[in-house]
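Just below is one structure, and these are the notes that go with it.
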Amino acid sequence: MTRPLRVLIACETSGIARRAFLALGHDVWSCDLLPAEDGSNRHIVCDVRDGILTEGWDLLAVMHPPCTRLCRSGRRWMSGPGKWTPPKRLPNGRTWDSMKAEFEEGVSVFTTCWTAPIERVAIENPEMNDLARDRMPDGLPTPQMVQPFWFGEPEYKNTGWYLQGLPELTETNRLPEPERGSDEWKRWNRVHRLPPGPERTRLRNRSFPGMMQAAAEQWGGYALEQETAA
C-alpha cells in the first residue's frame, strides 16, 4: 500500500463499517447526527451535508441515510393514485406535511452524497418508489441487491447498494437457507419481526459485520488497485 485510503463512513453510529475498513489499515472516519456507540475518536458528530464531503476522501460509504419515505414499501404513505395526491391514510399521529418533510430530507441527503466530489461512492438504500426516482440525479443506476446470508450472516434483509466508481459486491460465504416457516427461518427474519418501540429503527439499521468485511476488502482493494495504477 503506497498510502492508506481516506474513507468516510456516513450515516452510521455502530462503527461496524468503520472498524472493517480500519482493520485493513485505511484512514477511516465515520459521521452521523448522533455520537458513535463505541465512543470512537474517529467519529464526527455532524450533518453529512455541512461540508465534510469536500475534505478529500478516496471512498464514501453511506450506510443508513434516511430512506423510509423513498422506498417502495413506504409509497402508500406519500401519495394516493397518481403522483402527490392525498394518501388514503397516514400513520397514527402523522401529518402529510411531516411525511413530505421527511421525504425531502431523504432526497437531500441522498443527492448530496451521490453528487459529492468523491470518485467512489456506495449508498445503502432500498429500491426507490417512483416519487423518489423523479427527484434523483440523471443516470442513477439500479441498486445491487444483496442479502446478509451471502456473507456468512444468518439473516434475511434485502440490502440495496447504489454504486458509483465501485464494483458490485461478490458473495463470500453463502449460508444454506433454512426451511421456510421453521424456527431457524423465523430467527433469520429477526429484523422484519422486531416489535414497535424506540429501539426498532436503530436495530433495523445496524450493519452486518460479514457484509462490511466484504465491502472493505473488495471496494478497498479495488480502490487501491486504481490508485496504484494511476
Side-chain angles (χ1 to χ4, degrees), residues 5 7 9-26 28 30 36-38 59-68 70-76 110 120-129 132 140-225:
L5 296 172
V7 180
I9 308 297
C11 303
E12 185 191 55
T13 60
S14 69
I16 292 171
R18 170 173 27 82
R19 292 192 294 270
F21 279 90
L22 193 62
L24 298 180
H26 300 302
V28 192
S30 58
E37 294 176 16
D38 60 3
L59 191 154
L60 167 67
V62 187
M63 306 309 302
H64 310 293
C67 63
T68 305
L70 307 185
C71 63
R72 291 169 59 183
S73 61
R75 208 281 189 186
R76 69 186 187 280
F110 190 101
R120 306 168 191 92
V121 177
I123 304 180
E124 188 274 326
N125 222 273
E127 290 189 74
M128 295 184 186
N129 60 51
L140 185 72
T142 300
Q144 180 197 15
M145 306 305 296
V146 300
Q147 285 280 359
F149 72 86
W150 295 6
F151 307 94
E153 304 280 352
E155 302 222 29
Y156 288 119
K157 185 184 180 187
N158 207 22
T159 304
W161 289 105
Y162 290 83
L163 302 172
Q164 182 174 192
L166 290 169
E168 292 191 345
L169 287 176
T170 300
E171 62 183 69
T172 56
N173 180 24
R174 182 186 283 253
L175 301 178
E177 296 183 61
E179 180 181 353
R180 186 176 182 84
S182 66
D183 288 342
E184 185 181 7
W185 180 83
K186 292 176 183 177
R187 287 193 293 271
W188 278 39
N189 280 283
R190 175 191 64 85
V191 169
H192 304 291
R193 298 164 65 89
L194 287 170
E199 290 291 285
R200 187 172 190 266
T201 297
R202 184 181 69 83
L203 294 173
R204 281 176 61 90
N205 283 346
R206 290 185 71 80
S207 301
F208 295 95
M211 190 186 299
M212 291 303 95
Q213 181 181 349
E217 292 173 352
Q218 295 176 32
W219 293 339
Y222 177 82
L224 284 174
E225 289 177 3

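The structure presented is a predicted model; accordingly, all values stated were derived computationally and were not measured.
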Please check: side-chain N/O of Glu127 versus main-chain N/O of Arg72, any donor-acceptor pairing under 3.5 Å?
no

Roughly how far, to the nearest 0.5 Å, is the CZ atom of Phe151 from the CZ atom of Phe208?
11.0 Å

Heavy-atom count check: over 12 atoms from other residues, nucleotides or ligands less than 6.0 Å from Arg174 CZ?
yes

When the ring planes of Phe21 and His26 are compared, do they come out parallel, tilted or perpendicular, using 30° and 60° as the limits?
tilted

Looking at every non-hydrogen atom in both residues, tell me the closest pair between Leu166 and Ala122 and how far apart they are.
CD1-CB, 4.0 Å

Minimum heavy-atom separation for Asn125 and Leu70, please, with both atom names.
OD1-CD1, 4.2 Å

Of all heavy-atom pairs between Asn129 and Cys71, which one has the smallest distance, and what is that distance?
ND2-O, 3.0 Å

Does any non-hydrogen side-chain atom of Ser207 lie less than 4.5 Å from one of His64?
yes

Please find the pair of heavy atoms, one from Gly210 and one from Glu153, that lie closest to each other, and give the distance.
N-OE2, 2.6 Å

Residues in side-chain hydrogen bond (donor to acceptor under 3.5 Å, both in side chains) with Gln147, at least two apart?
none

Taking all heavy atoms of Ser14 and all of Arg19, pick out the closest pair and write down the distance.
O-NH1, 3.2 Å

Hey, are Arg18 and Glu12 close enough for a salt bridge, meaning a charged N less than 4.0 Å from a carboxylate O?
no

Taking only residues two or more places apart in sequence, or in another chain, which ones meet Asn173 in a side-chain hydrogen bond (donor to acceptor under 3.5 Å, both in side chains)?
none

About how many Å separate NZ of Lys157 and CG of Asn189, when rounded to the nearest 0.5 Å?
13.0 Å

If the condition is ring pair (Phe, Tyr, Trp, His ring centres under 6.0 Å), which residues does Trp161 pass it with, not counting sequence neighbours?
Trp219

Rounded at 0.5 Å granularity, tell me how far CG in Asn158 sits from OG in Ser73.
11.0 Å

Using side chain to side chain contact (heavy atoms under 4.5 Å, CB included), reason through Leu169 and Leu163 one step at a time and then give a plain yes or no.
CA-CA 10 Å; Leu169 287 176; Leu163 302 172; over 6 Å; no

Quick check for you: to the nearest 0.5 Å, what is the distance between Gln213 atom CD and Thr172 atom OG1?
7.0 Å

Just to verify, which of Pro143, Pro65, Cys67 counts as forming a side chain to side chain contact (heavy atoms under 4.5 Å, CB included) with Ile123?
Pro65

Rounded to the nearest 0.5 Å, what's the gap from OH on Tyr222 to CD on Gln218? Could you check?
12.5 Å

Under the side-chain hydrogen bond (donor to acceptor under 3.5 Å, both in side chains) rule, collect the residues that match up with Thr159, sequence neighbours excluded.
none

So, do Glu217 and Leu24 sit near enough that their side-chain heavy atoms are less than 4.5 Å apart?
yes

Partners passing side-chain hydrogen bond (donor to acceptor under 3.5 Å, both in side chains) against Glu168 (at least two apart in sequence or in another chain):
none

Residue set satisfying salt bridge (Lys or Arg N to Asp or Glu O under 4.0 Å) with Glu177, at least two apart, ordered chain then number -> none

How close do Gly152 and Pro154 get, counting heavy atoms only, and between which atoms?
O-CD, 3.6 Å

If I take atom CE from residue Met211 and atom CZ from residue Phe149, how far apart are they, to the nearest 0.5 angstrom?
10.0 Å

Can you label the angle between the Phe110 ring and the Tyr162 ring as parallel, tilted or perpendicular, going by 30° and 60°?
perpendicular

